[in-house]
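Heads up, the thing below is written out as structure tokens.
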2 protein chains.
Amino acid sequence: MRSSTLSKATMGRLPLYLQFIRTVQTENVSSATVARALGLGEVQVRKDLASICPAGMPKIGYPTERLREDLEAVLGMKQTIPAVVVGAGKLGRALMAYDGFREYGLEIAAAFDTRVTDSSHERKPILPMEQMHGWCREHEVHIGILTVPAGAAQEAADQMVNSGITAILSFVSVPIRVPDTVTVKHENIALSLACLKIVAGMSNETTEEDSHGSEDL
Amino acid sequence: MRSSTLSKATMGRLPLYLQFIRTVQTENVSSATVARALGLGEVQVRKDLASICPAGMPKIGYPTERLREDLEAVLGMKQTIPAVVVGAGKLGRALMAYDGFREYGLEIAAAFDTRVTDSSHERKPILPMEQMHGWCREHEVHIGILTVPAGAAQEAADQMVNSGITAILSFVSVPIRVPDTVTVKHENIALSLACLKIVAGMSNETTEEDSHGSEDL
DNA sequence: TATATATCGATAACTCTTTATCGATATATC
DNA sequence: GATATATCGATAAAGAGTTATCGATATATA
């Protein structure tokens, strides 16, 4: 199992590196530069980058172009693959319109909803749920974004799984049950804000001890 | 309370517990039940809960009501505090309409944008950026959600800081620079999806050598 | 009352992640 | 060519987080 020594933690930082590397203009970039820009430890950056790009050179750093390519390769951004949105409410439609996905090799191809509202002014089709199965099979879509109301989440998820979706990004605040073969990632925005509230010390209970400014959680 | 023994990891799970506890109907709930429901380890749940609720009893479990209260207390949900949205685009307006924040003691009070579009049909005001400073000071708002285009992010963030915002939830994909006194949490949706793409094994780039299915991340 | 059982809390063992240290090397300067 | 310096990769140490184990205890049952 020595094929990918990429730990979860490292994996989570790779997109961050890519984001920054894309802004670098110089031919080479050192771990120290990256570390400073992203507020990470220099050694950590070196360790992360070494694990995916063997082109680092003493005194020089990493060749920017090569590093970017390697990052994109590992992150699977060479090709753009399609995703669907399930639940064409406000959030769902906002995500459809969001063009930031392309940078990461993803494209939202369509949305599905039980109530098909007017989608004539949208650039991408909003289709009735009944068509999801056929549509996803036909277009070989395996990634779905779930943005339905909590009450409809489980049923929608079931239909997604049934349609061949194997990876779900859920914005629903309740947990959903899926087979082991399907991966679910919850993106609880309210929860994120709540954490921020805590971190920012707006709740009487503060974790007052880490003074070295790393502000994740 | 001096219980600053709450690790980041634990902190991140507390809202998850709260979410589930709120659905529990029985008078008491055991760590095993919670663990099963959330797919966590039984011991881990016990450790987490023990750190915030001393009312666990052998053979009984935790008193549901008491546990909920303690969770809400630690998470600072006793009182609802206001937040503002900066950038009233599609995502910004979708977040304004999202009512899941209240469950976590947060409420979006208003939005600000450079171009003030028609907000007469919105329940909450969308105001011009120029008014942010005064408005936030007057209403004592210290949490902001940043949903402007990447190019406008830094300037908007500066204005937020200047308006007294000390915690920012950013949906912008570029890093923003803020003083040390301000906490920023990035919520990169595209990035989340990208990770999912990797996890779901759609980027055949991860395991080139023989792999035994090391399913990390 | 005695025994059995479910469950907690604490300690310890383990694993994962981060940080520190150090020798090696590419380039620059003398 | 010799020396200095920036930077890498590797190894080791330290720190966090997770999982396993075990004794203690509240209730149930005989």
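Just so we're on the same page: letters track the sequence lines, and every chain starts at 1.
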Can you measure from CG (B:D158) to OG (B:S163) and round to the nearest 0.5 angstrom?
-> 10.5 Å
When you measure from the side-chain N and O atoms of [X] to the phosphate of [N], is any distance below 4.0 Å, counting only OP1 and OP2?
X	N	value
A:Y62	D:dA6	no
B:R13	D:dT18	yes
B:S31	C:dC8	yes
B:R46	C:dC8	yes
A:S7	C:dC16	no

Looking for any heavy atom pair under 4.0 Å, which part of the strands does A:T10 touch: base, sugar-phosphate only, or nothing?
-> nothing
Would you indicate what B:G41 reaches in the nucleic acid, counting non-hydrogen atoms under 4.0 angstrom: base, sugar-phosphate, or nothing?
-> nothing
How many whole angstroms separate atom [atom1] of [X] from atom [atom2] of [N]?
X	N	atom1	atom2	value
A:D48	D:dC8	CG	P	13 Å
B:I60	C:dT5	CD1	P	17 Å
B:M11	D:dA16	CE	P	16 Å
A:N28	D:dT7	CG	P	11 Å

Any idea how B:F101 and B:Y98 line up, ring-wise: parallel (<30°), tilted (30 to 60°), or perpendicular (>60°)?
-> perpendicular
Is a side-chain donor-acceptor pair under 3.5 Å present for A:Y62 with A:N28?
-> no
Taking B:Q154 for the side chain and B:R177 for the main chain, is one N or O donor matched with an acceptor at less than 3.5 Å?
-> yes
Under 3.5 Å on both distances, the Watson-Crick or G-U partner of D:dG17 = C:dC14
